[in-house]
Amino acid sequence: MPTPFRPMPAQVDLPALEREVTERWAERKVFERSLERTAAGPSWVFYEGPPTANGHPGTHHVEARVFKDLFPRFKTMKGFHVARRAGWDCHGLPVELAVEKELGFTGKSDIEAYGVAEFNAKCRESVQRHVDEFTRMTERMGYWVDFDQAYWTMDADYVESIWWSLKVIFDKGLLVQDHRVAPYCPRCGTGLSDHEVAQGYQTVTDPSVYVRFPVTSGPAAPLGASLLVWTTTPWTLISNTAVAVHPDVDYVAARLGDEVLVVAEPLLRAVLGEDAEVVATWKGRELEQSSYTRPFDVVDIEGAHFVGLADYVTVEDGTGLVHQAPAFGADDLAVARRYGLPVVNPVRPDGTFEEGLALVGGMFFKKADPVIVDDLQARGLLFRHQQYEHSYPHCWRCDTALLYYALPSWYIRTTAVKDRLLEENAATDWHPPTIRNGRYGDWLNNNIDWALSRDRYWGTPLPIWRCEDDHLTCVGSLAELSSLTGDDLTALDPHRPFIDAITFGCPQQGCASTATRVPQVIDCWYDAGAMPFGQWGAPHRNKAEFDVSYPAQYICEAIDQTRGWFYTLMAIGTLVFDKSSYETVLCLGHILDAEGRKMSKHLGNVLDPFELFERHGADAVRWYMLCSGSPWSARRVGHEVLEEVVRKVLLTYWNTASFLVLYANANNWTPGVTPAPPLDERPLLDRWAISELHATVQEVDAALEDFDSQRAGKRIAQLIDDLSNWYVRRSRRRFWEGDPAALSTLHECLEVLTRLMAPFVPFVTEAVHERLVSHVYADLPDSVHLRDWPQVDEALVDTALGEQVVLVRRLVELGRAARASAKIGTRQPLARALVGAAGFESLPDELRQEVADELNVQLLEPLSAAAGDAAGDSGGQDLVDVAWKGNFRVLGKQFGQRTPVVAAAIAAGSLTRRDDGSYDVDVEGSVETVPADAVLVTETPREGWAVARVGETVALDLTITPELRRLGVARDVVRLVQEARKSTGLEVTDRIELWWESTDDQTRQALLEHADWVAGEVLATQFAEGRPVAEVVPHTDEELGLTFRLREAGR
RNA sequence: GGGCCUAUAGCUCAGCUCGGUUAGAGCGCUUCCCUGAUAAGGAAGAGGCCGGUGGUUCAAGUCCACCUAGGCCCA
């Protein structure tokens, strides 16, 4: 006869099981069907942030993907249609650098020599390679996302969408060209990334000069003062445009000899010495707009040469007055922008001054320093000249000193929409909420224009064409480009170098010049932020699909994306549609290694996700990511924590299911077929289990609606523990007997629990669902992921019962502690236990019986009732001590400062109980009335009892009569036989024949007295004193003087 | 240099929103107990100046200020 359930071995290889489940999903197209199933439902829009397809996937990639999977699965089970489109971020410097490394290149000149077309082809290949690995990782971890429709930011459709959006921004006048100061190597002719700069610092000695700038207007002018300005780059003095001071710092005019110099007050003595005499003091802001005579008249700089204010100025070193050359310093450039000053750059890209300039014409910038110093000296402008040792960046390739250099660059004027960004941010549902006004809000408040362009090769080309007359044309599509050129370019690969070759007659009215594309590509972060429309190729294609899927209801990434994707998504959405691209965002903390360090290739501490999946299983990794610690805190991951998840959560869950299957099959119980009593006729414990189940459904649902996976996971783990370690433990006997009420209850709990857990751990739940549900209910879907999310039945949640069971378990714990302290094992029955606990009186008999069973006592009585009883025996009130304690939380509200005095009076017992339960307390002569809950009463039994008490009290009567001892012996024997059954390899349902003999009188008497009971417990069809006829291996126990032999019945 | 986050047992983390009695859990360790599913469960023990200093308060791990260390992002 077939068993109702497929057997579920207790031993399970989770990673192997996961691989089987993955195959089954693919065969049965479960993901596709889950989307079809919800096609008519309301849609819940999720955007997949495209990972950079560069490098190998690491465990930190797994983290975000787990959260990206959980909520869409949850919403899908709730009936929402959650389209999930994979995406790949294909462009950018990281890809270029990886390819450069592969090819052994050291700079842009190598790329140019190799050929841009060939180089970009290599980049494309590299992307494809890494995407394959990401896909494999994604599938293995059970992240359901549609790869067939994946968007690639390098696809022509995608690039065209970006162009369209840039044209919208351009037409609003927000895409403009300006200067950008960046570290630049004049020999290599290229800007360097921060990463490159960081590896090229060298300690060098530079001139340090203090120069006089005579003041010509403002408060210092009447004194005939000069600003004293300090710099370590004399060559930039040629381009001096302004002087910056800190608005809140005190500046002094000080007389030294026959001149007056202006310096910051805190630096006065360090710079001018003790002899300087202060003649005037101003706040920096009072000096604003004071004009001065610049040190060199070599280049024209109009409308400049006055004092500006800047918060970045420090009084750490120098003079507190900072020379400004906007072309050669990012801070300087910012100040210049604010004051509308021109950016004048007399240094050519090769690092030499323009030909024809006085003094320095044609000279390499560094070589100009001594010339300039000498000239200043000769003209009496040099106050002091020293050598200064400091760390300065050099080109990591050629050791040339870098130049901070203003390069022409394209900007998006995000500052123009800053207020809108702040409004959109305020309306965004951040998890955790602190990010909104904290890290992210702060970033928005300090918003600066987006430096969009990159002087590189592998990226979305900036679709701007410029003619010789400087007319700009921004092109929004290949079709538009075709109409401008007159050729059909709709099949053109819109990348460099092909796009660079496209020119057309300037469309500007009356202009006859030819327009060529500007050479830059764009920041790949723009690509990622453009995915809401880019993934559809919208609006050129699929405009309707885009319209209904904007904005996203949910996105999720780690904290480093505040300045990355979170920003670019919101900024582009606001710039193009005047609306942020997402409503809810979950922001995760980073995953660290076991030592708390960020995982990086550099440190070699990257945990390979595939290794974790194969060793512990993807479910274990998922559960850890979702439920251990706060998702928004940085967390450490290692093998130990994953092993714990497997043991405590996954295996406990699996084994509970395995237990059900074992006894359901043994008793031929089939859910829905074998009749079971209605819930309200089942034992109290069954109603408790169902109550906990529904309370869990309620809380998990609420937690997930709030994007709080940790809270949901905690509750689920609690239910698993409740079922395994209380419900099943307490109900074992009923399962052995095949009680349909118990089997139905556990089956229902596991069935609902499996659905609750499915979004978290999709593999093991699928395997359990298949065995517990799919195989027995033909009308239900063949996958848990095609089921509906559980509905809570609030009528079944019995809070009072829940609290009573908590008390029961608490009392059991206390009783066990009492036994331990008396050194009496639980197998030895005791006559009675006394319980002192609020709520014990109202505990139903069924629950009192649980306590008695667990503690193995024959009688359970309230302590108060027993006290009088025992008092008669022992002649006094000595059995119970009563102690009182004040409840500070209650007393504090009533008494404030007097709280400690009142509490002391209560502890001293100066109180009388009133009829309504409240107390009169005698506090230093005056009587105060306090409510019942202001006094905590504890009763403590005395001598002859084993006691455990923490809030509640359990006392055990330690008298062991000969009758009790014999019962204990019988139980010991049962245990020994069970052990022997197990070691013999018998199944739990096998019947046995048993023969025993004993040299110990007490043991013999006990076994004769309790023969029927022992035989029943160990499933013995025969239980006889003596020896079998045939040879059977004996088992002996010296303490009991017992020898017994057993064999399977009927053999 | 700026901003944000974090700091509680050997390790991993709760508790802090809204101050209240003896600061909890898991892992690990020691000793026991229980076991007719379990790689499980239970008891006891060892292990805490709750990062530091000051303040508010009858009362501070919790609120405030400053400091220190680490992390992240940006210069």
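Please read these numbers as outputs of a predicted model, since none were measured by experiment. Each chain gets a letter, A, B and so on, in the order its sequence line appears, and its residues count up from 1.
B:C72 is paired with B:G3 under the Watson-Crick or G-U wobble criterion, all donor-acceptor distances under 3.5 Å. Pair assignment for B:C49: none, as no Watson-Crick or G-U wobble contacts are both less than 3.5 Å. Pairing partner, B:U21: none, since no Watson-Crick or wobble contact has both distances short of 3.5 Å.
Residue A:Val313 is classed as having no contact, given no heavy-atom separation below 4.0 Å to the nucleic acid. Across all strands shown, A:Arg827 has heavy atoms under 4.0 Å from sugar-phosphate atoms exclusively, and none from any base. Across all strands shown, A:Lys982 has heavy atoms under 4.0 Å from sugar-phosphate atoms exclusively, and none from any base. Note on A:Glu1017: a base of the nucleic acid sits closer than 4.0 angstrom, heavy atoms only. Nucleic acid contact class of A:Leu891 (heavy atoms, under 4.0 Å, all strands): none. Heavy atoms of A:Tyr663 sit under 4.0 angstrom from at least one base atom.
For A:Gln978 against B:G36, a side-chain-to-base donor-acceptor contact under 3.5 Å is present. Below the 3.5 angstrom threshold, one finds a donor paired with an acceptor across the side chain of A:Ser724 and the base of B:A37.
Separating the P atom of B:G20 from that of B:G15 is a span of 14 Å, rounded to the nearest Å. For the P atoms, the distance from B:C18 to B:G54 is 27 Å, rounded to whole Å.
In this structure, the side chain of A:Arg729 does not engage the main chain of A:Ser724 through any donor-acceptor pair within 3.5 Å.
A:Trp736 qualifies as a stacking partner of the B:G36 base, centre to centre under 5.5 Å and near-parallel within 30°.
Between atom CD1 of residue A:Ile906 and atom CD of residue A:Glu928 there is a gap of 10.0 Å, rounded to the nearest 0.5 Å.
Scanning both residues, A:Trp450 and A:Ala571, for their nearest heavy atoms gives CZ3-CB, 4.4 Å.
Closest contact between the side chain of A:Thr989 and the listed nucleotides B:G36, B:U21, B:G26 involves B:G36. Checking B:G20, B:G41, B:A37 against every side-chain atom of A:Thr899, the shortest atom distance belongs to B:G20.
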